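Structure first, then comments.
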Number of protein chains: 2
Amino acid sequence: MSRTAPTAALTESNSDSRKTSQNDHIYEEMLAAILEQRLTPGTKLSEDTLGEIFGVSRTVIRTVLQRLAHERIVRIQPNRGAFVSEPSPEEAREVLQARRLIEEGIIRAAVCNQSPADIKGLKRAVAEERLSLETGDHEAWGRLSGDFHLKLAEIARNQTLSAFLRELVSRTSLIIVQYQKGALSPCSCDEHAEIIKAIAARDEDRAIELMNAHLRACEDQLNLRENDTKADLYSIFSKPVKATGKSRGAM
Amino acid sequence: MSRTAPTAALTESNSDSRKTSQNDHIYEEMLAAILEQRLTPGTKLSEDTLGEIFGVSRTVIRTVLQRLAHERIVRIQPNRGAFVSEPSPEEAREVLQARRLIEEGIIRAAVCNQSPADIKGLKRAVAEERLSLETGDHEAWGRLSGDFHLKLAEIARNQTLSAFLRELVSRTSLIIVQYQKGALSPCSCDEHAEIIKAIAARDEDRAIELMNAHLRACEDQLNLRENDTKADLYSIFSKPVKATGKSRGAM
DNA sequence: TTTATTATTTTTGTATACAATAATATCTTA
DNA sequence: TAAGATATTATTGTATACAAAAATAATAAA
């Protein structure tokens, strides 16, 4: 297949055919698929198949997979291929701990740098979020819920921190897919709204506290016991352990 | 060139020829070259040339360059190629701000998680650092100075944060190459030693304060005025600006 | 039937070929 | 000579070919 005549992608309209952003386009497409849970943890990402789907050779698919792997959304096993990441409970705790730290820093900066337009933007984001929840657009909600945090990061005017948070938010999505206990609690919008209020009021301490509570609430909704399949089988069929045995691991 | 008969690399002994880590090996080699200032900011990284040097095809060089690009050590310009990054003053401030935030979090965790062995390890790291300074091994010092921070991160037992800091430390090296004003101040060892003491004493607040001072001192040794060549030419040949004019940019 | 071994197929890793773009050199014209 | 236009060369982007490894299927032995 020549560079000038790309076959049409099977899944995608591909409105603007700038070839510079061909990588980017496939990357966005795959990331969206993962974040919207159309691709679930553990799914094999065959290079050939993806190449056919997007109408490109394995070369460019490989580039995209490596990028996703660097962001820990995808795990590449040597000579075995790429798979949608299955974050361990340990990793889940790490990601949420990192988010608490980084989002605290972001709030500090955002409280200083905020403009009225910024606050308006945040409120708009929460309104969208609330709408998606009312209309029952579940996939959109997952995305928009993260977008609020990314918008907040933009206000902090530190692209380096924004990039880190972007990765963490994506990984959080995967974590939620894997470990969410019950249904999603829709109170998230209200918590976001409260955080905006505190920032607008320049109440740094309160904003930080609200954010921390928000993220801890998220973690509390997860079932992060060490339930590796293997370990489970062993524990199930071996002599019973003490009721208090299962260590929750130090955070 | 077949997979079974890799031509010997021109620069490298390549003692263990596990092919799994061929990428990794080239990556490490290039990273070291950049951090030890054998490759300076702006240097063009030609795929062909690197391929010849390491005795591999452009395919694997490309993979390595993309990895370095993701870590912001290398910048890839579409259709132009890869170059060693030239971080802007803005980016330099961002990186150091991010480091202050993340290393504060790391210290908090390290103060909790520390074992006597950890403290011993840190002290050993500083001793090595001091030795390299005394023997005048400048390149080693640059590396070891960063290693202290990475060892500290390990004690925090959060690989996600460690990975972020690893990237930031690498980028800091590039920043120092570009913007260091005078000679390097060798007091860094002493500052590291003080930080260890505070951590061992479980004095979280003092450890954090020392780390912040340490990182701010680093930033203060940089000349981060907006001296883009272009902007400079304009300002040099246009009517003189007020003496106080040059904004230092808000942190 | 089950297990172990071998053969086949599939899939990844790497090199290479070719196309497209950028960089450089050559030629033309004022 | 200088400036612009054109041709040439070099370099990156992508597809493809082939080798190595892994996964799967088929066969043989217990």
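In what follows, every chain begins at residue 1, and chains take the letters A, B, ... in the order their sequences are listed. All values derive from a computational prediction rather than experimental measurement. Worth knowing before you read on, the calculation uses all heavy atoms, side chains too, and leaves out hydrogens, waters and symmetry mates.
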Quiz item: A:Q77 CD to D:dA20 P: how many Å, rounded?
Solution: 22 Å

Quiz item: Within the distance-only criterion (no hydrogens, no angle test), does the side chain of A:T49 pair as donor or acceptor with the backbone N or O of A:L45 below 3.5 angstrom?
Solution: no

Quiz item: Does the side chain of A:Q178 reach to within under 4.5 Å of the side chain of A:L222, using non-hydrogen atoms?
Solution: no

Quiz item: Which listed nucleotide (C:dT12, D:dT12, D:dA15) is nearest to the side chain of A:S46?
Solution: C:dT12

Exercise. Round to the nearest Å and state the distance from A:F54 atom CZ to D:dT14 atom C1'.
Key: 17 Å

Quiz item: Between B:R80 and B:T59, which is nearer to the 5' end of DNA chain D once each is assigned its nearest nucleotide?
Solution: B:R80

Exercise. Take atom CZ of B:R58 and atom C1' of D:dT16, then tell me their distance rounded to the nearest Å.
Key: 14 Å

Quiz item: Between B:T172 (side chain) and B:L168 (backbone), is there a donor-acceptor pair under 3.5 Å?
Solution: yes

Quiz item: Rounded to the nearest Å, what distance is computed from the CD1 atom of residue A:I76 to the P atom of nucleotide C:dT11?
Solution: 17 Å

Self-check item: Gap between atoms CD1 and P, on B:I26 and C:dT14 respectively (whole Å)
Solution: 9 Å

Quiz item: How many Å lie between CG on A:L45 and C1' on C:dT12, as a whole number?
Solution: 14 Å

Quiz item: How many Å lie between CG on B:D48 and P on C:dT16, as a whole number?
Solution: 11 Å

Quiz item: Between B:K44 (NZ) and C:dA23 (P), how many Å, whole number?
Solution: 8 Å

Practice problem: Under the salt bridge (Lys or Arg N to Asp or Glu O under 4.0 Å) rule, what do B:E139 and B:R38 come out as? Steps first, then yes or no, please. | Solution: CA-CA 9 Å; B:E139 295 82 31; B:R38 303 197 309 263; over 6 Å; no

